[in-house]
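In this chain, numbering begins with 1 at the start of the sequence shown. Because only heavy atoms are used, hydrogens play no part in the values below, and waters and symmetry mates are left out as well, while side chains stay in. The shown structure was predicted, so the numbers you read here are calculated from the model rather than taken from an experiment.
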Amino acid sequence: MNDRLNRIHASRSAAVKATLDYPVIDTDVHVNDYAPILEDYVQHYGGAKLVDSLRRALGSRFATKSNGRDWYAQTAEERQYHRTLRSPWWARVTRNTLDLATYTLPELLYERLAEQGADYSVLFPNDVLAPLAARDDTRQALHRAINHFHADQYRKYSDRLTPVAGIPLNTPQEGIEELEFAVKTLGLKVINIAGGVRRPIKAIAEKYPAEQFPDIAKHAHYIDFYGIDSEYDYDPFWAKVVELGVPVTTHYGSQGWTGRHSISNYMFNHIGHFADGSQAFAKALFFGGVTRRFPGLRVALLEGGADWGSHVYTHLVDRWEKRNRHEVQNYNPANADLDLLKDLFERYGADFIRGRDIDPSQLLRDSLGISALPHSREPQPDELDDFALAGIEKIEDIRDRWVNSFYFGSEADDRTVASAFNEKVHPLGAKINAIWSSDVGHWDVPDLTEPLAESWDLVEQGVLSEANFKAFVFGNPYRFYTEANPAFFAGTEVDRKLTSTSQARAA
């Protein structure tokens with residue numbers, strides 16, 4: 001007990017928390033699964049085959065491979081020859097042994113929330129999406145087993161901790177089945193999905209079947225982001241999400257994409273990759289009309305910061321103002337005044353014309369720098385309006401379908417979070433929904449007790465106001481979960497503190 005009190009007393013974050021009259025909600029805590037217990041559980045759930053599938057899936061998380069060997073086993077020449085993606089040597093906290101144990105032992109984590117300064121934490125076990133690397137015949141069963149394990153492991157700590165359910169989305173039906181099991185049977189309240197799924201390019205796959213040409217299949221793919229251009233109609237899945245009142249989260253990265261495929265430098269691949277991956281996913285939902293058709297859908301995009309959410313919102317408006325279905329006519333060759341063009345060339349372009357006869361249509365083509373007009377037919381109206389599926393008629397529609405729908409996980413020491421609260425920059429004076437995401441459990445947080453204090457440092461440095469800090473660590477996270485499910489915090493420490501504060505003010 002004395003040891004615990006001493007740790008709390010020494011915690012900068014506990015000291016900050018003591019000054020606040022509102023709860024602190026941590027939207028992103030990473031925990032480890034103790035392998036022997038997890039494997040025993042999976043063994044009972046699905047037998048040795050499922051355990052083998054788990055081991056293969058976990059083994060593929062960090063060790064990127066080419067020619068049957070991972071990056072660490074290859075020579076520099078082999079990495080260059082195969083263009084093998086550089087992955088990190090180490091990615092988990094180890095020197096801080098107390099924290100290592102904390103992220104592995106639920107009871108210890110529960111006890112140490114006071115040191116962290118959080119009242120409630122949403123947990124992302126590091127293995128929660130590992131089944132996505134499993135074969136098709138075991139992927140769904142492995143997801144179910146791991147979700148069941150996490151639900152059982154954290155159930156008695158549910159007033160302060162809740163684990164996410166990992167949901168596979170290779171098909172909408174697969175996602176719906178696991179979503180319903182996770183929510184209705186296991187009682188889980190938040191889901192984590194990958195922001196996209198790789199699919200073969202059919203024209204190439206038909207010519208080079210994966211069974212015969214595995215190396216070609218490995219590279220000849222595209223990413224389906226479940227929204228625009230998707231191979232499947234994911235609306236039934238999003239409808240089920242809204243029906244069940246489930247907030248959606250993702251940690252979707254882009255390491256390995258073009259421009260993020262260094263064979264020698266992990267930081268080159270890592271910096272900004274969550275923002276890039278999540279941006280593609282979020283834009284697919286926006287431009288595919290998902291946030292229009294499901295205004296109650298709430299999606300949190302974690303670990304990428306909030307500045308990119310600000311950037312995209314602002315540029316959605318900029319571009320819509322220039323290329324909406326009406327303004328895009330400014331670029332229609334048919335709207336050029338050929339007589340005026342000819343007259344201007346005759347008056348000002350003598351050195352260009354040099355006595356040639358002028359055909360106004362040819363003059364237009366030459367002025368555009370093309371030998372012929374670019375298309376063989378007139379466009380259809382829906383081909384001109386990139387905002388058609390999103391249903392954008394006015395700037396307010398962009399705000400409602402971007403700002404209202406998306407929340408952006410920003411880590412404690414990320415100074416760029418200030419951009420989320422810059423009303424002068426954002427159209428209509430909006431604020432971007434930045435949510436506090438400590439990311440404890442990963443290498444960027446070597447000490448569990450520091451993140452809340454690091455965020456308060458931003459207040460003392462003038463980066464955030466106290467009101468923005470409150471929105472960051474409480475107001476925005478609270479809205480994210482309760483807009484999806486008004487009863488999300490019922491029976492939790494957050495509910496208790498809000499009730500206690502309300503009663504104190506009434507008295």
Under a 4.5 Å cut-off applied to non-hydrogen side-chain atoms, are [X] and [Y] in contact?
| X | Y | value |
| --- | --- | --- |
| F472 | L458 | no |
| S53 | R56 | yes |
| L428 | V317 | no |
| R298 | Y481 | no |
| S87 | Y72 | yes |
| I392 | F286 | yes |
| Y154 | T162 | no |
| S310 | H426 | yes |

Of all the heavy-atom pairs spanning [X] and [Y], show the shortest one and how long it is.
| X | Y | result |
| --- | --- | --- |
| A145 | L50 | CB-CD2, 4.1 Å |
| P163 | L188 | O-CD2, 3.7 Å |
| V128 | A165 | CG2-C, 4.2 Å |
| F274 | H251 | CE2-O, 3.5 Å |
| T492 | S158 | CG2-O, 4.1 Å |
| F406 | A282 | CZ-O, 3.6 Å |

Original post:
What's the verdict on side chain to side chain donor-acceptor pair (under 3.5 Å) for Y110 and D159, showing C-alpha distance, side-chain angles and the deciding distance?
Top reply: CA-CA 10 Å; Y110 184 82; D159 63 322; 2.9 Å; yes

**OP:** With sequence neighbours excluded, tell me which residues meet ring pair (Phe, Tyr, Trp, His ring centres under 6.0 Å) with Y45.
**Re:**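 Listed in chain order: H148.
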
For the residue pair [X] and [Y], categorise the inter-ring angle as parallel (less than 30°), tilted (30 to 60°) or perpendicular (more than 60°).
| X | Y | result |
| --- | --- | --- |
| F225 | Y252 | perpendicular |
| F237 | Y234 | perpendicular |
| F281 | W238 | tilted |
| H273 | H270 | tilted |
| H30 | F124 | tilted |

Original post:
Could you walk me through whether R12 and E454 pass the side-chain contact (heavy atoms from CB on, under 4.5 Å) check?
Top reply: CA-CA 9 Å; R12 289 204 310 139; E454 289 179 326; 4.1 Å; yes

Subject >> NZ or CZ of R144 within 45° of F181 ring axis and under 6.0 Å >> reply: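 Checked: cation-pi criterion met.
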
Using a strict cut-off of less than 4.0 Å between a Lys/Arg side-chain nitrogen and an Asp/Glu carboxylate oxygen, indicate whether [X] and [Y] qualify as a salt bridge.
| X | Y | value |
| --- | --- | --- |
| E493 | R496 | yes |
| K49 | D52 | no |
| R112 | D99 | yes |

**OP:** Assert yes or no for the condition that the ring centre distance of W308 to F408 is strictly below 6.0 Å.
**Re:**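 They qualify: ring centres under 6.0 Å apart.
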
Subject >> Partner of Y407 under ring pair (Phe, Tyr, Trp, His ring centres under 6.0 Å), chosen from F480, W402, W436 >> reply: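 The residue from F480, W402, W436 that satisfies ring pair (Phe, Tyr, Trp, His ring centres under 6.0 Å) with Y407 turns out to be F480.
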
Counting neighbours of [atom1] on [X] that are heavy atoms of other residues, nucleotides or ligands and sit closer than 6.0 Å, is the number greater than 12?
| X | atom1 | result |
| --- | --- | --- |
| E466 | CD | no |
| Q461 | CD | yes |
| Y222 | OH | yes |

**OP:** Could you walk me through whether N147 and E178 pass the side chain to side chain donor-acceptor pair (under 3.5 Å) test, one step at a time?
**Re:** CA-CA 9 Å; N147 287 339; E178 294 316 304; 5.1 Å; no

**OP:** Any chance you could measure T102, atom OG1, to L113, atom CG, to the nearest 0.5 Å?
**Re:**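 One finds 10.0 Å between OG1 of T102 and CG of L113.
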
**OP:** Dump the intermediate steps for side chain to side chain donor-acceptor pair (under 3.5 Å) on N126 and Y103, then the final yes or no.
**Re:** CA-CA 10 Å; N126 288 310; Y103 303 139; over 6 Å; no

Original post:
Looking at residues at least two apart in the chain, or sitting in another chain, which of them share a salt bridge (Lys or Arg N to Asp or Glu O under 4.0 Å) with D119?
Top reply: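 Once residues adjacent in sequence are excluded, the partners of D119 under the salt bridge (Lys or Arg N to Asp or Glu O under 4.0 Å) criterion are K17, K497.
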
Original post:
Knowing that exactly one of L452, D447, L448 qualifies, which makes a side-chain contact (heavy atoms from CB on, under 4.5 Å) with E450?
Top reply: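 By the side-chain contact (heavy atoms from CB on, under 4.5 Å) criterion, E450 pairs with just one of L452, D447, L448: D447.
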
Original post:
Given T449 and S13, is the side chain to side chain donor-acceptor pair (under 3.5 Å) satisfied, shown in steps?
Top reply: CA-CA 6 Å; T449 69; S13 291; 5.9 Å; no

